[in-house]
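Report on the following structure.
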Amino acid sequence: MNKGNQNLGSFIPLIVLLICGGLMCVNMNAHAQARMGTKKKFRHQLAAGPLVSFYKGDPNFSTNIKSNIGFIGNYTLEKIRKTNTNHTLGVSYVNQKLSFNGYFADSGHTYLYDDTFPYAHEIIIQELRVPLGVKVYFGNNIRTPTRAYYLGGAGARIIFKSYNVIINDSTETSAYEGPGDIDFENKSVNKNINTFIFSGLGLQYTNRESGRSAFFQINFSYGIARLNYHGDGNSNEDYFKNNTLTFLVGIIL
């Protein structure tokens, strides 16, 4: 064996070691990606949290407009893509409350707009939201388990139930308490259905061993159409612009 072959032979163990090490690294990286969910086509997200509502009404018909902290529960299906941009489709249950001072007309009567706003109204609104959006991640999930992301899109709002309490401020007696009558200001076939757009930011942590994630997310939703409040038997005809800010904590499976 000549000197060149002897030198090459001395490097064979090192070459074999490098090849084996490289294959091990590739294998470990593939397992890490699989554990972190990159091999999955879909991921399932469950979340819940408080909701802050923002209302704006007509000052000729309502005053002292307030909202209590509401609740949102959410399920989202996330379509995994090879890029950092995924598609999402979800369904949310939303419970929010509106209260204000305004007017109330008994059946067969009208009321005088005298700026007294003699009746207190409380409305609990329950709706379903169906958001369709895109989720854009920042950073690489192989390098770091924690990543920020942006979420935005549009969806449908469906009011399926409401409850009203109307009280005469001067006598402190109940004028009405029972199922509500509130929908959207639109000319569609079903006034209980309308649309919204949303935008938000989140922070997601992924466990490298299980591939499961936990996240915190803030969303702002802008309602396209105003809420149309009819009171009891068309006792009222009030309109309210309604936007919401949600704070979600959840897991991704």
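- Counting only N and O atoms by type, the side chains of Ser92 and Arg157 include no donor and acceptor under 3.5 Å apart.
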- Kindly indicate, with the supporting measurements, whether the criterion side-chain contact (heavy atoms from CB on, under 4.5 Å) is fulfilled by Thr88 and Leu132. CA-CA 6 Å; Thr88 62; Leu132 176 64; over 6 Å; no
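- Considering only heavy atoms from C-beta on, Ile182 comes within 4.5 Å of Ile125 through its side chain.
- Contact annotation: the side chain of Thr146 approaches that of Leu203 to within less than 4.5 Å [non-hydrogen atoms, C-beta and beyond].
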> Is there a side-chain contact (heavy atoms from CB on, under 4.5 Å) between Ile72 and Leu248 once you walk through the steps?
Replying inline: CA-CA 8 Å; Ile72 180 171; Leu248 287 171; 3.8 Å; yes
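- Both Ile65 and Leu227 belong to a single network of hydrophobic side chains, linked directly or stepwise wherever heavy atoms of I, L, V, M, F, W or Y lie under 4.5 Å apart.
- Counting only distance, with no hydrogens or angles, the side chain of Ser235 and the backbone of Gly231 share no donor-acceptor pair below 3.5 Å.
- In this structure, Val91 and Pro131 approach most closely via the heavy-atom pair N-CD, 4.1 Å.
- Distance check: Asp232 CG to Glu177 CD gives 11.5 Å after rounding to the nearest 0.5 Å.
- Judged by distance alone, the side chain of Asn243 and the main-chain N or O of Gly223 form a donor-acceptor pair under 3.5 Å.
- Counted by atom type alone, Thr206 and Ser213 present one or more donor-acceptor pairs between their side chains at under 3.5 Å.
- By the 4.5 Å heavy-atom criterion applied to side chains, Phe71 and Gln96 are not counted as neighbours.
- How far OG1 of Thr246 is from CD1 of Ile218: 8.5 Å, rounded to the nearest 0.5 Å.
- The backbone N or O of Asp238 sits nowhere less than 3.5 Å from a side-chain atom of Asn236 that would complete a donor-acceptor pair.
- Hydrophobic clustering of Ile, Leu, Val, Met, Phe, Trp and Tyr side chains at less than 4.5 Å, counting indirect connections, unites Tyr75 with Phe42.
- Summarising the geometry, atom CZ belonging to Arg129 is positioned 11.5 Å from atom CD1 belonging to Ile158; distances are rounded to the nearest 0.5 Å.
- Looking only at side-chain heavy atoms (C-beta outward), Leu245 and Phe54 come within less than 4.5 Å of each other.
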| said: Checking Glu78 against Arg43 for the salt bridge (Lys or Arg N to Asp or Glu O under 4.0 Å) test, could you report, in this order, the C-alpha distance in whole Å, the side-chain angles of both residues, the deciding distance, and whether it holds? | reply: CA-CA 5 Å; Glu78 182 176 347; Arg43 300 191 74 184; 6.0 Å; no
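- Counted by atom type alone, Asn101 and Asp169 present one or more donor-acceptor pairs between their side chains at under 3.5 Å.
- Across every non-hydrogen atom of Ser53 and Thr244, the tightest pair is OG-CG2, 4.0 Å.
- To the nearest 0.5 angstrom, Glu237 atom CD is 11.5 Å from Asp58 atom CG.
- The aromatic rings of Phe240 and Tyr55 stand perpendicular to each other, their planes meeting at an angle above 60°, with 30° marking the opposite boundary.
- Residue Lys56 places its NZ atom among 12 or fewer non-hydrogen atoms of other residues, nucleotides or ligands, all under 6.0 Å distant.
- At distances below 3.5 Å, at least one donor-acceptor pair connects side-chain atoms of Lys241 with backbone N or O atoms of Ile224.
- Ring centroids of Phe117 and Tyr103 are separated by less than 6.0 Å, placing the two rings close together.
- Here the OG atom belonging to Ser221 is positioned 9.0 Å from the CD1 atom belonging to Ile197, to the nearest 0.5 angstrom.
- No side-chain heavy atom of Gln45 sits under 4.5 Å from any side-chain heavy atom of Leu77.
- Side-chain contact check for Ile123 versus Tyr163: every heavy-atom pair is 4.5 Å or farther apart.
- Taking each heavy atom of Gly139 and Asn84 in turn, the nearest pair found is O-ND2, 3.5 Å.
- In this structure, the side chain of Asn186 engages the main chain of Ile193 through a donor-acceptor pair within 3.5 Å.
- Tyr150 does not carry Lys135 over the face of its six-membered ring by the limits of under 6.0 Å from the centre and within 45° of the normal.
- Counted by atom type alone, Asn74 and Thr76 present one or more donor-acceptor pairs between their side chains at under 3.5 Å.
- With values rounded to the nearest 0.5 angstrom, Phe216 atom CZ is found 10.5 Å from Leu201 atom CG.
- Donor-acceptor pairing under 3.5 Å is recorded for the side chains of Gln217 and Tyr149.
- Between Phe100 and Tyr229, the ring planes lie perpendicular to each other; the angle is over 60°, past the 30° to 60° tilted range.
- Cluster membership for Ile69 and Phe247, using ILVMFWY side-chain heavy atoms within less than 4.5 angstrom, is shared.
- Between the side chains of Tyr137 and Gln204, at least one donor N or O lies within less than 3.5 Å of an accepting N or O.
- A distance below 6.0 Å separates the ring centres of Phe61 and Tyr113.
- Annotation for Glu127 and Ile159: closest pair CB-CA, 4.0 Å, computed over non-hydrogen atoms.
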inquiry  = Under the criterion side-chain contact (heavy atoms from CB on, under 4.5 Å), I'd like the reasoning laid out for Leu151 against Val134: C-alpha separation, chi angles, the key distance, then a yes or no.
reply    = CA-CA 6 Å; Leu151 186 70; Val134 293; over 6 Å; no
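- Asn168 is not listed as a side-chain neighbour of Phe104, based on a closest heavy-atom distance of 4.5 Å or more.
- For the pair Arg147 and Phe138, the cation-pi test (distance below 6.0 Å, angle within 45°) is failed.
- The side-chain tip of Lys191 does not point at the ring of Phe184 from less than 6.0 angstrom away and within 45° of straight on.
- Under a 3.5 Å cut-off, the side chain of Asn86 and the backbone N or O of Arg81 do form a donor-acceptor pair.
- Across all their heavy atoms, Asn219 and Gly200 have their closest contact at OD1-CA, 3.4 Å.
- With hydrophobic clusters built from ILVMFWY side chains whose heavy atoms lie under 4.5 angstrom apart, Tyr205 does not share a cluster with Phe215.
- Annotation for Phe198 and Ala154: closest pair CE2-N, 3.4 Å, computed over non-hydrogen atoms.
- Taking the side chain as every heavy atom from C-beta outward, Ser67 and Leu98 never approach each other to under 4.5 Å.
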